[in-house]
Amino acid sequence: MIRRTRKHSRPAVALASLTAVLALALPCGAQAQIIGYDQPDAEGGEGAAQAEPYKPSKRAGRGKGSRRLVVQPYIEVNQVVTAELSPGDDVLTYTEVAAGIDAGISGQRNAVSASVRYERRIGWSDRASDGDAISGIVRGYATVVPGVTIEAGGLATQVNVENGGSALAGGLFDGDSRTNVYSIYGGPSVATRAGDVNINANYRAGFTKVEHSDAFVATPGGAASDVFDKSVVQVADVEAGVAPYDVLPVGLAVAGSFYQEDISNLDQRVRDMQARAMVTVPVSRTVQAVGAIGYEDVEISSRDALRDADGDPVVGSNGRFVTDKSAPRQIAYDVDGLIWDVAVMWRPSRRTSLSAHVGRRYGTTSYGGTLAYAPNDRSQFSVSVYDNVAGFGGHLNRLIDELPDDFEAVRDPITGDLRGCVSSLEGSNCLAGALGSVRSATFRAPGIAASYSRRIGLMNAGIGAGYDRRKFIAAEGTILASANGVIDENYWLAAYISGALGRDAGWSANAYANWLSSSDPLVGDVSGYGVTAAYYRLLTQRLRATAAVGIDGATRDDPAINDIWTASALVGLRYNF
C-alpha cells in the first residue's frame, strides 16, 4: 500500500503567483544548451559570434524610434451555461467575475506585452463547483545602460491532467484533474567589445510550479506515477570572438555555457556544462558556414523516495513522493566527451533567415534549426526544430523565451484560458508543445514547431502546429525507474481568427487539438479538441457586450473510459477603464 502523510491547507498560492508574474513583467533570453554560431548584425552584415544559432531579433520589425503604449485594465461579469453531451446530460450554470489587464509597451530601449487575468467562477448548484483561476502571459525587455539589457517572461495557465501525467488544454471540465501551471524567469544580458573582440554574456534564473491539491495519480491496484511539482533553472553563457574580416578572413570565437535544473520531485538534477570553439566562414554575402568543436559533460541524478516500515513509498500532502534525503544521489544519465556541430546560415534579406545544423550531442546525432520568413509587414512564417535535455520547467522556460515581445494574447472567450498561441507578426508564437505532459522525470525532447500569422484587411489570423517527443530518463533502483525509457508524444494544433464588424462590433473564433500518446502500458492515448466563437459589441465607449458558444471534448483509446464532450454558451459585459 502507499501511505499518505497528513494533508494541510495552503495559502492562496495562485494570488502570489500572479504577483510574481507581474513583478517579472519583462522576459528572458537565450538558452545555453546549444552550440553557438555567428549571427548577422541588425543591418544585414556579418556580425560578431553569438551564444546561440541565429534567430530573428525579437526587437526587429519596429522602425527606429517607434513607440507604442496600450494599457487596458478591465472587469467582466459573465453568465455561462454548460451542457454535458457525453457521457451524461447534466446542465450546469455559472457566474463568472473577472478582472484583468492587457498591455503593450514599446520604445527605443524597452518593450513588453502582457495579458493577466483573475477569474472567480460561482456555481449555481452543488454539482457546479466554485473555483478561481489566474492566467497570464508576459514577455519583454528593458535596456538598463547601453550594452546591458534585462529580459524576463512569465506564464500562468491551466491544464487538465490525465492518468500518467498527460495534460490537455484547459476547458470547462470540472473535477480534480484541473491543474495550475506557473512559470517565470529572467536575467541580464551584456554585450561589449574589447578592441576587435566582441564579448557577450547572459544569465537567466527561472522557476516553474505545477500546482494541484492532489496531483498524485494512480490506477487502483496498479503502479503509481508522479506529477511534476516545481523546479529552479539556471542558465549562464559567455562568448568572445572576432567577426570575419575584422582580423582574419574567417570569424573565430570561444564560448562556455552552464545549464542546471533542480527539480523538487526526488531531488532530480539536470546539469549540462560545455566549452567550444567556433570558426565562421563567409561563403557569400548572404551565406555563412560555421563549424564548432568542444567538450560537454551532461549528468542527470536523483534520490529515491522515502519508504515506510512495509517498504512502500511515502506520499506527501501535496500528492508527490517524499524524497529520502538520507539516500545517496543516483546517476540516471552521464555523458561526457567531444561534441561537434556544422551549421549553414542563409540571410538574403532582413525579412528572411534560415539556419540548419547537425552535430553530435548527448552521445548521439542531434539536429536543429530555425526558419523565419516575413514577406511583408502583414504576414510571417516561422519554423523551429529543437533537441535538448531538460525537465518540464526548463522546457517551458525555453519556449517562453522564444515568444516575441510584441503580441496579443489569444483567450478562450468562455473560460478566459490562454490558448496555444499568441497573436503576433514576430517570430515563433506558440506554447502548446510544452504542455503535453507534466511527468516529473527529466527527458530528452526533440521536436518541431511551426506558426503562420497574417493580417487580412480588418482580420487577424494565425495557425500553429507541431510535434514534441519526450524520452524520459530516470535512475534504476528508484521509484521513478519505471519511467526510464518511456516515450510521450504530443501532436498539437492551434488556430485563431478575429475581425471587426464596423466601428462598434467584432467577432473571433479559435480552435485547438492535442493528440497525446505514450509507450507506458499503464497510460492510454488521449486526444483533446475544442472550438469557440464569439461576437462583441460596444454598448458605450467603455462597456462591451459579449455572446459566445463553444464545444470541448476529450477522447481516449480505452473503451472502458467514456469520452467527455461539453457544449457551453456565454453572455456577459466587460467594462474597460
Side-chain angles (χ1 to χ4, degrees), residues 29-61 189 191 193 196-200 202 237-257 274 276-294 296 339-361 365-375 380-388 398 401-402 404 426-428 446-451:
Q31 278 280 15
Q33 283 188 271
I34 43 185
I35 294 176
Y37 302 111
D38 191 32
Q39 175 176 321
D41 63 25
E43 300 302 322
E46 293 165 348
Q50 302 295 316
E52 61 176 330
Y54 169 72
K55 60 183 178 182
S57 170
K58 295 167 186 171
R59 303 156 184 76
S189 296
R193 291 178 66 92
D196 292 326
V197 179
N198 297 278
I199 302 172
N200 298 277
N202 305 277
D237 60 75
V238 61
E239 182 173 311
V242 293
Y245 302 111
D246 282 354
V247 177
L248 297 170
V250 299
L252 300 174
V254 292
S257 63
Q274 66 171 254
R276 56 197 180 273
M278 292 159 284
V279 178
T280 301
V281 180
V283 179
S284 69
R285 186 184 65 83
T286 60
V287 178
Q288 292 181 346
V290 182
I293 189 168
E296 181 178 46
I339 56 173
W340 61 268
D341 207 275
V342 177
V344 175
M345 294 178 294
W346 176 56
R347 194 178 189 186
S349 71
R350 293 173 61 89
R351 294 185 176 275
T352 304
S353 65
L354 171 68
S355 71
H357 64 94
V358 59
R360 183 174 180 81
R361 290 205 62 198
T365 302
S366 178
Y367 303 90
T370 60
L371 168 65
Y373 176 56
Q380 73 85 28
F381 175 69
S382 66
V383 179
S384 174
V385 178
Y386 55 86
D387 181 9
N388 57 46
R398 181 185 65 81
D401 170 50
E402 293 181 353
E426 293 185 14
S428 177
I448 182 172
S451 62

Nearest atoms (heavy-atom pairs only) where [X] meets [Y]:
X    : Y    : result
R351 : P375 : CD-O, 3.9 Å
R285 : P348 : NH2-O, 4.1 Å
T365 : V358 : CG2-CG2, 4.0 Å
I448 : Y386 : N-CE2, 3.8 Å
S189 : N202 : OG-OD1, 2.7 Å
P249 : P244 : O-CB, 3.8 Å

Starting at OG1 of T280, measure out to OH of Y245 and round the result to the nearest 0.5 Å. 11.5 Å
Residues N388, R398; criterion side chain to side chain contact (heavy atoms under 4.5 Å, CB included); working and verdict: CA-CA 10 Å; N388 57 46; R398 181 185 65 81; 2.8 Å; yes
Apply side-chain hydrogen bond (donor to acceptor under 3.5 Å, both in side chains) to S451 and list each qualifying residue two or more places apart in sequence or on a separate chain. S382, N429
I339 versus Q274: any side-chain heavy-atom pair under 4.5 Å? yes
Looking at side-chain heavy atoms only, is the closest gap between Y373 and L354 below 4.5 Å? no
Using the side-chain contact (heavy atoms from CB on, under 4.5 Å) criterion, which residues pair with [X]? Sequence neighbours excluded.
X    : result
V247 : D196, V242
A255 : E239, R276, M278
V281 : V250, V279

